[in-house]
S.K.: 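What follows is a structure written as structure tokens; I'll ask about it next.
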Amino acid sequence: MLETVGKLVLVAAAFALLPLLVGQAEHKVMAHMQGRLGPMYAGGFHGWAQLVADGVKFAQKEDVVPRDADRRVFKLAPGVALVPYLLVLVVVPVGPGGQVALDLGVGVFFALAVMGVGVIGAIMAGWASANKYALLGGIRVAAQLMSYELPMVFAASSVAMAAGTLSLQGIVGEWRWWWLPWQAIGAVVFFVAGLAELRRPPFDMPVADSEIIFGPYTEYGGLRFALFILAEYAGIVVLCALTAVLFLGGWKGPFLNTELGWLWTLVKVAVLAFCVIWLRVSYPRMREDQLQKLAWAWLVPLSLAQLALTGVLKVAFA
């Protein structure tokens, strides 16, 4: 019991810290890549207080609920968007030898299903806001969820088939270095589909400010809006952790896997998080038709091809 409680406390601490680190890193990376001066000076040395300034700004803003909104759903939506990512971290292994809060036999599908629940928070926000722009943003969120969930599940199923288990701990245990080229297509599909589910640029059509203000979050302000932003950063951590565990070997590194396994996992998550930020800075927002075409004309066929390739190789070398 004490061991379980200790693991859950560590997961909660990581959930509280890692999204904030990703947020701070995004400020700094975007400041360097786009020449943004503000985030480099807030607080003095290298803009260390930018995240603190953002927190104070959100805390000072008034918490307003629209008159015609569904007040209960409106207030519940930020929690529904944030909490599922905490549950996913419970099943993500950090290192060997039981360094995971809960090793589920169906960990892959549990993680993907719970991530989908997090997206529902944005749909609830758009529906409950009594605002046509928020409703349109919520509909776009639902469309992206339906389009990109399928290739994401197919890509994860491919690596689960290769490992012969749905346990995340078991998949890392079976992973070998030569899986990198073998499962490369699935890794790209999984990562891109995950970015689309998180509505990260260039897949941020549901919050297209030039068309629908800020989509499902239009009527939110103060700390409730901050929770949606925190949920986005938590989603980045979860997506990068799942990509590292499924396709990059998790805790397996060039040496000292047993002693430094947790460090290799964190390094891989950090590199992938940098790639997420890099993509935001480098590519413009896609149109809605381009978004759907990418999913159905490219990612779904590629994920099915990866699944077929894995099946053929498993039978051939069985």
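Keep in mind that this is a model prediction, so the values were computed, not measured.
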S.K.: Within the structure provided, determine whether Leu246 and Gln183 are in side-chain contact (heavy-atom separation under 4.5 Å).
M.R.: no

S.K.: Please round to the nearest 0.5 Å and tell me the distance separating atom OG of Ser167 and atom CG of Asp103.
M.R.: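 If we round to the nearest 0.5 Å, Ser167:OG and Asp103:CG are 3.5 Å apart.
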
S.K.: For Lys314 versus Ala162, what's the shortest heavy-atom pair and its separation?
M.R.: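 Heavy-atom minimum between the residues: NZ-O, 3.3 Å.
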
S.K.: State, with a plain yes or no, whether a side-chain heavy atom of Leu166 is found less than 4.5 Å away from one of Phe110.
M.R.: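 A side-chain contact under 4.5 Å is absent here.
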
S.K.: For atom CH2 of Trp262, decide whether the heavy atoms of other residues, nucleotides or ligands shown that lie under 6.0 angstrom number more than 12.
M.R.: no

S.K.: Mind checking the CH2-CG spacing from Trp251 to Leu256? Nearest 0.5 Å is all I need.
M.R.: 15.5 Å

S.K.: Would you check if Ile171 and Gln169 make a side-chain contact, meaning some heavy-atom pair closer than 4.5 Å?
M.R.: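 When only atoms from C-beta onward are counted, Gln169 and Ile171 do not touch, as no gap falls below 4.5 Å.
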
S.K.: Working note: Arg200 + Glu26, criterion salt bridge (charged side-chain N to carboxylate O under 4.0 Å, His left out); need CA distance, chi angles, decisive distance, verdict.
M.R.: CA-CA 12 Å; Arg200 287 287 301 182; Glu26 182 165 64; 2.5 Å; yes

S.K.: Can I get a per-line list of side-chain donor-acceptor pairs under 3.5 Å for residues 2-21, giving both atom names and the distance, sequence neighbours left out?
M.R.:
from, atom 1, to, atom 2, distance (Å)
Lys7, NZ, Gly98, O, 2.9
Lys7, NZ, Val100, O, 3.2

S.K.: Please assess Arg140 against Glu211 for the test salt bridge (charged side-chain N to carboxylate O under 4.0 Å, His left out), listing each intermediate value before the final yes or no.
M.R.: CA-CA 12 Å; Arg140 287 183 173 182; Glu211 305 169 24; 3.0 Å; yes

S.K.: What verdict does the side-chain contact (heavy atoms from CB on, under 4.5 Å) test give for Gln144 and Glu149, after you've listed the backbone C-alpha separation in whole Å, the side-chain angles of each residue and the deciding distance to 0.1 Å?
M.R.: CA-CA 8 Å; Gln144 282 190 213; Glu149 187 77 8; over 6 Å; no

S.K.: Any donor-acceptor pair under 3.5 Å linking the side chain of Ser158 with the backbone of Phe154?
M.R.: no

S.K.: The test is side-chain contact (heavy atoms from CB on, under 4.5 Å); show your working for Leu198 and Val238 and say whether it passes.
M.R.: CA-CA 10 Å; Leu198 294 177; Val238 168; over 6 Å; no

S.K.: At what distance, to the nearest 0.5 angstrom, does OG of Ser147 lie from CE of Met152?
M.R.: 14.0 Å

S.K.: Is Val315 reachable from Met161 through a run of I, L, V, M, F, W or Y residues, each pair having side-chain heavy atoms under 4.5 Å apart?
M.R.: no

S.K.: My understanding is that only one of Leu195, Val269, Leu272, Val88 makes a side-chain contact (heavy atoms from CB on, under 4.5 Å) with Leu239; could you say which?
M.R.: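 Considering Leu195, Val269, Leu272, Val88, a side-chain contact (heavy atoms from CB on, under 4.5 Å) with Leu239 is found only for Leu195.
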
S.K.: Could you please spell out the steps behind the side-chain contact (heavy atoms from CB on, under 4.5 Å) verdict for Leu82 and Leu86?
M.R.: CA-CA 7 Å; Leu82 179 62; Leu86 172 61; over 6 Å; no

S.K.: Say you draw a straight line from OG of Ser157 to CG of Leu307; how long is it, rounded to the nearest 0.5 Å?
M.R.: 6.0 Å

S.K.: For the residue pair Glu219 / Asn131, report whether a side-chain donor-acceptor contact shorter than 3.5 Å exists.
M.R.: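 The criterion, which ignores hydrogens and geometry beyond distance, is satisfied for Glu219 and Asn131.
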
S.K.: Less than 6.0 angstrom separating the ring centers of Trp296 and Tyr148, yes or no?
M.R.: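 Between Tyr148 and Trp296, which both carry aromatic rings, the centre distance is not below 6.0 Å.
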
S.K.: Return the minimal non-hydrogen interatomic distance between Ala69 and Phe74, and the atom names on each side.
M.R.: CB-CD1, 4.4 Å

S.K.: Between atom CE of Met115 and atom CG of Leu87, what is the distance when rounded to the nearest 0.5 Å?
M.R.: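 One gets 12.5 Å once the value is rounded to the nearest 0.5 Å.
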
S.K.: When clusters are formed by joining ILVMFWY residues with side-chain heavy atoms under 4.5 Å apart, either directly or through shared neighbours, do Leu51 and Leu223 land in the same one?
M.R.: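 Per the 4.5 Å side-chain linkage, Leu51 and Leu223 are co-clustered.
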
S.K.: Which atom names give the shortest non-hydrogen contact between Ala156 and Leu112, and what distance separates them?
M.R.: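 Shortest heavy-atom separation between Ala156 and Leu112 comes out as CB-CD1, 3.8 Å.
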
S.K.: Identify the two heavy atoms, one from Pro284 and one from Pro202, that lie closest to each other, and give their separation to 0.1 Å.
M.R.: O-CB, 3.1 Å

S.K.: Extract all donor-acceptor atom pairs below 3.5 Å that involve side chains of residues 297-305 and protein atoms in other chains or at least two apart in sequence.
M.R.:
from, atom 1, to, atom 2, distance (Å)
Ser303, OG, Leu299, O, 3.0
Ser303, OG, Val300, O, 2.8

S.K.: Given 3.5 Å as the limit, does a donor-acceptor pair link the side chain of Lys252 with the main chain of Gly173, or not?
M.R.: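 Such a contact is found between Lys252 side chain and Gly173 backbone.
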
S.K.: Any donor-acceptor pair under 3.5 Å linking the side-chain atoms of Gln99 with those of Thr265?
M.R.: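 No - no donor-acceptor pair under 3.5 Å links their side chains.
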
S.K.: Can you check whether Arg287's main-chain N or O pairs, donor with acceptor, with Gln290's side chain at less than 3.5 Å?
M.R.: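 Indeed, once roles are kept as given, a pair shorter than 3.5 Å links the two residues.
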
S.K.: Between Gly137 and Ile212, what is the shortest heavy-atom contact and its length?
M.R.: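 Nearest pair, atom of Gly137 first, then Ile212: CA-CD1, 3.8 Å.
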
S.K.: Please report the C-alpha distance between Val119 and Arg199 in whole Å, then the side-chain angles of each, then the deciding distance to 0.1 Å, and finally whether the side-chain contact (heavy atoms from CB on, under 4.5 Å) criterion is met.
M.R.: CA-CA 9 Å; Val119 177; Arg199 286 94 61 205; 3.9 Å; yes

S.K.: Flag yes if Ile120 and Tyr85 sit in one hydrophobic cluster, no otherwise; membership is Ile, Leu, Val, Met, Phe, Trp, Tyr, and two members link when side-chain heavy atoms are under 4.5 Å apart.
M.R.: no

S.K.: Parallel, tilted or perpendicular: which fits the ring planes of Trp278 and Phe274, with parallel below 30° and perpendicular above 60°?
M.R.: tilted

S.K.: Are any side-chain N or O atoms of Gln24 and backbone N or O atoms of Trp48, one a donor and one an acceptor, separated by less than 3.5 Å?
M.R.: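 Confirmed, Gln24 side chain pairs with Trp48 backbone.
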
S.K.: Closer than 3.5 angstrom, by distance alone: can the side chain of Arg280 be matched with the main-chain N or O of Pro201 as a donor-acceptor pair?
M.R.: no

S.K.: Heavy atoms, side chains only, cut-off 4.5 Å: are Trp182 and Leu309 in contact?
M.R.: yes

S.K.: Apply ring pair (Phe, Tyr, Trp, His ring centres under 6.0 Å) to Phe247 and list each qualifying residue two or more places apart in sequence or on a separate chain.
M.R.: Phe190

S.K.: Determine whether the side chains of Gln50 and Tyr41 contain a donor N or O and an acceptor N or O closer than 3.5 Å.
M.R.: no

S.K.: Do other residues, nucleotides or ligands put more than 12 heavy atoms under 6.0 Å from Trp127 CH2?
M.R.: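 No, because the 6.0 Å sphere around CH2 of Trp127 holds 12 heavy atoms or fewer from other groups.
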
S.K.: Would Ile277 and Tyr233 show up in the same hydrophobic cluster when neighbours are defined by side-chain heavy atoms closer than 4.5 Å?
M.R.: no

S.K.: Short question: side chain of Lys268, backbone of Gly250 - any donor-acceptor pair under 3.5 Å?
M.R.: yes

S.K.: Can any side-chain N or O of Lys61 pair as donor or acceptor with the backbone N or O of Gly221 at less than 3.5 Å?
M.R.: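 Side chain of Lys61 to backbone of Gly221, a donor-acceptor pair under 3.5 Å: no, none is there.
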
S.K.: Whether the side chain of Thr218 engages the backbone of Gly215 through a donor-acceptor N/O pair (distance < 3.5 Å, no angle test) should be reported.
M.R.: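 Checking the backbone N and O of Gly215 against the side chain of Thr218, a donor-acceptor pair under 3.5 Å is found.
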
S.K.: More than 12 foreign heavy atoms under 6.0 Å from OH of Tyr133: is that the case here?
M.R.: no

S.K.: Keeping Trp264 on the side-chain end and Phe255 on the backbone end, is there a donor-acceptor pair under 3.5 Å?
M.R.: yes

S.K.: Locate the shortest heavy-atom distance separating Val207 from Pro216; write the atom from each residue and the value.
M.R.: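 Result for this residue pair: CG1-CD, 4.3 Å.
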
S.K.: Let's go through Arg285 and Asp204 carefully: what are the C-alpha distance in whole Å and the side-chain angles of both, what is the deciding distance for salt bridge (charged side-chain N to carboxylate O under 4.0 Å, His left out) to 0.1 Å, and is it a yes or a no?
M.R.: CA-CA 7 Å; Arg285 178 183 296 127; Asp204 58 339; 3.0 Å; yes

S.K.: What's the separation between atom SG in Cys240 and atom CG in Leu248, rounded to the nearest 0.5 Å?
M.R.: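 The distance works out to 10.0 Å.
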
S.K.: When clusters are formed by joining ILVMFWY residues with side-chain heavy atoms under 4.5 Å apart, either directly or through shared neighbours, do Val153 and Leu168 land in the same one?
M.R.: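 Yes: a chain of side-chain contacts under 4.5 Å links Val153 to Leu168.
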
S.K.: Is the centre of the Tyr220 ring less than 6.0 Å from the centre of the Phe214 ring?
M.R.: no

S.K.: Any donor and acceptor pair, going by atom type alone, linking the side chain of Gln306 with main-chain N or O of Gly186 inside 3.5 Å?
M.R.: yes

